[in-house]
Amino acid sequence: MDVLIRFGFTIEEIQNMMNSNEDILQVDDSEIEELIKLLKGIGCSLNSIKNILSCNPFYLTRGLNSIKKLLNKFYELGFSYLYILFDSNPYILNKSDTDLEELYNQKISEGLTKSEVLDFIQYNMFF
């Protein structure tokens, strides 16, 4: 949890996160640090990262490879401003790359254009 304190979270904020997701206690600081670096790498500001982690502490227990696959799938589908998407909908980070691909393919088969599917995911996909 030291990495969260160094990042600027208060003890109370960390406690609230742990109350929502007790599994955070099992995650090494080095992995939490790498998960934060991923968010920084896509352009998330420090405030956005705090918002994402506070609202969705389950992100911290998803696993680095799982998150990397999800990010790659978003880019593959054509998303470019992921920092905006994740700040406005941090729960979308709980989905897997296969969940995202299945939803995309379902909406395409329903007759939506690629642009319409991306808009649907951005504005209507709440978890």
Side-chain angles (χ1 to χ4, degrees):
M1 294 302 105
D2 290 342
V3 69
L4 294 175
I5 292 169
R6 287 192 308 272
F7 192 74
F9 284 97
T10 66
I11 299 297
E12 183 179 348
E13 289 170 324
I14 294 169
Q15 186 63 46
N16 288 337
M17 292 166 59
M18 290 186 324
N19 287 341
S20 295
N21 183 4
E22 294 176 1
D23 293 337
I24 292 172
L25 292 171
Q26 308 307 317
V27 181
D28 290 339
D29 275 354
S30 62
E31 187 161 348
I32 292 173
E33 197 164 9
E34 289 299 315
L35 289 166
I36 290 171
K37 282 182 187 177
L38 277 178
L39 293 175
K40 285 181 184 177
I42 62 169
C44 290
S45 68
L46 298 181
N47 284 338
S48 292
I49 294 170
K50 280 191 78 172
N51 177 53
I52 291 166
L53 299 182
S54 293
C55 292
N56 184 15
F58 296 96
Y59 170 77
L60 295 172
T61 56
R62 285 282 320 275
L64 197 56
N65 288 333
S66 177
I67 295 296
K68 285 180 179 179
K69 286 180 184 179
L70 179 63
L71 293 177
N72 287 334
K73 183 56 67 178
F74 273 112
Y75 286 126
E76 181 184 308
L77 294 177
F79 283 91
S80 52
Y81 300 106
L82 292 179
Y83 63 95
I84 295 171
L85 177 64
F86 299 152
D87 190 30
S88 63
N89 185 3
Y91 305 105
I92 204 166
L93 286 162
N94 294 343
K95 291 299 181 184
S96 70
D97 59 315
T98 55
D99 291 336
L100 182 59
E101 185 171 18
E102 287 173 9
L103 176 64
Y104 178 85
N105 291 334
Q106 175 192 350
K107 293 300 178 185
I108 290 293
S109 70
E110 291 173 3
L112 273 66
T113 66
K114 179 179 181 173
S115 177
E116 291 170 330
V117 174
L118 296 181
D119 285 345
F120 175 84
I121 290 169
Q122 184 164 353
Y123 299 113
N124 299 309
M125 195 171 174
F126 296 99
F127 304 101

Flag, side chain of N21 to backbone of P57, donor-acceptor distance under 3.5 Å
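The answer is yes, because a donor-acceptor pair under 3.5 Å joins these two groups.
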
If only atom types and distance count, is the side chain of N56 paired as donor or acceptor with the main-chain N or O of I52 below 3.5 Å?
no

Roughly how far, to the nearest 0.5 Å, is the [atom2] atom of [Y] from the [atom1] atom of [X]?
X    : Y    : atom1 : atom2 : answer
L100 : I92  : CG    : CD1   : 6.5 Å
I24  : I32  : CD1   : CD1   : 7.0 Å
Y104 : L118 : OH    : CG    : 6.0 Å
C44  : F86  : SG    : CZ    : 7.5 Å
D29  : D2   : CG    : CG    : 5.0 Å
S88  : N51  : OG    : CG    : 9.5 Å

Is the number of heavy atoms from other residues, nucleotides or ligands under 6.0 Å of [X] [atom1] greater than 12?
X    : atom1 : answer
K107 : NZ    : yes
Y75  : OH    : yes
E110 : CD    : yes

side-chain contact (heavy atoms from CB on, under 4.5 Å) between K40 and L46, intermediate numbers included
CA-CA 8 Å; K40 285 181 184 177; L46 298 181; 3.9 Å; yes

Side chains of E102 and Q106 only: does a donor on one sit below 3.5 Å from an acceptor on the other?
no

Among side-chain atoms of S115 and T113, is any donor-acceptor pair under 3.5 angstrom?
no

Please report the shortest heavy-atom distance between [X] and [Y], naming the atom on each side.
X   : Y   : value
Y59 : N94 : N-OD1, 4.2 Å
T98 : S96 : OG1-OG, 2.9 Å
V27 : L60 : CG2-O, 3.5 Å
L4  : M17 : CD1-CE, 4.1 Å

Determine the sole option in L25, L35, D23 for which the side-chain contact (heavy atoms from CB on, under 4.5 Å) test with T61 is passed.
D23

Only one of I49, L93, L64 passes side-chain contact (heavy atoms from CB on, under 4.5 Å) with L38; say which it is.
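Single side-chain contact (heavy atoms from CB on, under 4.5 Å) partner of L38 among I49, L93, L64: L64.
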
Taking only residues two or more places apart in sequence or in another chain, which ones pass side chain to side chain donor-acceptor pair (under 3.5 Å) with S66?
R62

Cation-pi check for F9 against K50: NZ or CZ below 6.0 Å from the six-membered ring centre and within 45 degrees of the axis, yes or no?
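The answer is yes, since K50 meets both limits relative to F9.
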
Can you get from L85 to Y81 by hopping between Ile, Leu, Val, Met, Phe, Trp and Tyr side chains that sit under 4.5 Å apart?
no

Does F58 belong to the same Ile/Leu/Val/Met/Phe/Trp/Tyr cluster as Y91, with side-chain heavy atoms less than 4.5 Å apart forming each link?
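Not linked; separate clusters.
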
Evaluate the side-chain contact (heavy atoms from CB on, under 4.5 Å) criterion for residues L70 and F74: first the C-alpha distance (whole Å), next the side-chain angles of each, then the deciding distance (0.1 Å), finally the verdict.
CA-CA 6 Å; L70 179 63; F74 273 112; 3.6 Å; yes

Set out, in order, the CA-CA distance, both residues' side-chain angles and the distance that settles salt bridge (Lys or Arg N to Asp or Glu O under 4.0 Å) for K73 and E101, then state yes or no.
CA-CA 7 Å; K73 183 56 67 178; E101 185 171 18; 3.3 Å; yes

